[in-house]
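Structure first, commentary second.
Within every chain, numbering begins at 1; the chains are lettered A, B, ... in the order of the sequence lines, protein sequences first and strands thereafter.
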Protein chains: 2
Amino acid sequence: MSQNGVGIDLDKSLGYLLKRASSALRAAMEEVLRPLGMSVTHYSCLELLAQRPGLSNSELARGAFVTRQTMNVLLQALERDGYVTRPAEAPVGKVLPTRLTPRGRRSLEKATVAVRSVEVRMLAGMTETEQSDAFRILQSMIRSLRDGG
Amino acid sequence: MSQNGVGIDLDKSLGYLLKRASSALRAAMEEVLRPLGMSVTHYSCLELLAQRPGLSNSELARGAFVTRQTMNVLLQALERDGYVTRPAEAPVGKVLPTRLTPRGRRSLEKATVAVRSVEVRMLAGMTETEQSDAFRILQSMIRSLRDGG
DNA sequence: TGACTCATGTCAGTATTCTGACATAGATTA
DNA sequence: TAATCTATGTCAGAATACTGACATGAGTCA
């Protein structure tokens with residue numbers, strides 16, 4: 001019943017499985033971030049800034065997998081609420097380097113603990129070898145999809 | 001600069017890599033489905049129905065990773081345009097079993113060819129062993145996230 | 001130098017998805 | 001049996017993200 005010669009058998013499709021895994025991860029992250037009043041995109045933005053201070057709006061957008069318009073709206077809110085700062089004028093070009101404020105860093109700390117617990121849970125039951133295999137295979141998938149576009 | 005003791009190193013995070021892969025896959029699917037005037041959710045709905053005729057609105061929603069309200073809106077449009085049919089009254093309970101029309105099947109055929117090409121591209125460069133490893137590891141991740149919830 | 005291309009930040013409007021809510025049908029349980 | 005719980009289909013409104021568009025600054029190239 002599941003395979004009739006036509007179509008893609010979803011139960012055997014690696015693409016569908018990838019989507020299932022990603023969906024499960026996102027749901028788990030939303031669950032632990034909700035009590036902190038933070039969305040996944042919100043968290044991603046802060047985490048990116050913690051690791052690479054001075055990232056621009058467009059760079060943050062690409063890192064968080066949203067458009068730069070969407071990230072711009074988020075950054076304006078974060079700036080208004082004192083989580084990040086941006087210079088009034090661009091030091092060079094039009095790029096506005098963004099940085100976390102102490103308040104933003106404090107807010108991120110709690111979120112990081114929550115998200116780390118999710119990642120640890122996801123890795124539970126996987127050997128070191130399986131983890132590095134997963135890393136290598138996922139990178140291969142990304143490369144194939146990007147290059148063949 | 002990338003790791004300062006605090007936060008999650010995104011370059012080493014399997015969760016972030018999973019998101020990147022899923023995002024790349026979705027973008028590739030959107031690219032090949034756009035010329036057909038079809039969204040990923042739209043395609044997922046038809047593909048699910050091809051494999052499991054009679055699926056209900058709620059079941060389709062879970063299979064396509066959207067809420068049942070969102071799927072309901074899509075189904076009403078698909079029904080209006082003659083791609084699927086639903087009985088006027090539920091045979092049992094409130095569940096309305098949905099089925100593809102010949103028109104829906106024809107529409108799906110083209111989409112399946114397009115999506116299959118993306119999946120083939122994604123699998124390019126992966127050995128049989130790597131594919132089955134990926135399958136097993138992704139299933140392990142899903143299970144861990146679900147059970148520990 | 002000047003024309004061209006590309007990337008950025010931002011505003012506005014549109015589209016999509018979600019949350020909240022309700023009535024209803026079947027299953028479960030006291 | 002009666003009450004309770006769970007799941008479904010659906011409507012309406014809210015939240016979220018996207019597309020389109022514009023001005024501007026930097027790099028490329030003839």
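Phosphate proximity of dC18(C) to T70(B): present, with a side-chain N or O under 4.0 Å from OP1 or OP2. Dashed line: the shortest gap from a side-chain N or O of S58(B) to OP1 or OP2 of dG9(D) is under 4.0 Å. At the phosphate of dT10(D), OP1 or OP2 sits under 4.0 Å from a side-chain N or O atom of R86(B). Of the side-chain N and O atoms in R62(A), one or more sit less than 4.0 angstrom from OP1 or OP2 of dT8(C). A close approach under 4.0 Å does not occur between any side-chain nitrogen or oxygen of T67(A) and OP1 or OP2 of dA17(D). Contact check, N72(A) against dG9(C): no side-chain N or O comes under 4.0 Å of OP1 or OP2.
Checked by distance alone, Q69(A) brings a side-chain donor or acceptor within 3.5 Å of a matching partner on the base of dG20(D).
If you check the side chains of E119(B) and S13(A), you find a donor sitting under 3.5 Å from an acceptor. S39(A) and E30(A) form no side-chain donor-acceptor contact under 3.5 Å, judged by distance and modelled atom types alone.
A donor-acceptor contact shorter than 3.5 Å links the side chain of S144(B) to the backbone of S140(B).
Looking at heavy-atom distances under 4.0 Å, S39(B) makes no contact with the nucleic acid at all. Residue contacts for T41(B): at a heavy-atom cut-off of 4.0 Å it reaches the sugar-phosphate backbone alone, with no base atom in range.
Between R34(A) and V95(A), the residue whose closest nucleotide on DNA chain C is further toward the 5' end is V95(A).
Heavy atoms only, all atoms of each residue included: L49(B) and T98(B) are closest at CD2-O, 3.4 Å.
Listed nucleotides dA21(D), dT24(C), dT10(D) differ in distance to R68(A); the shortest reach to its side chain belongs to dA21(D).
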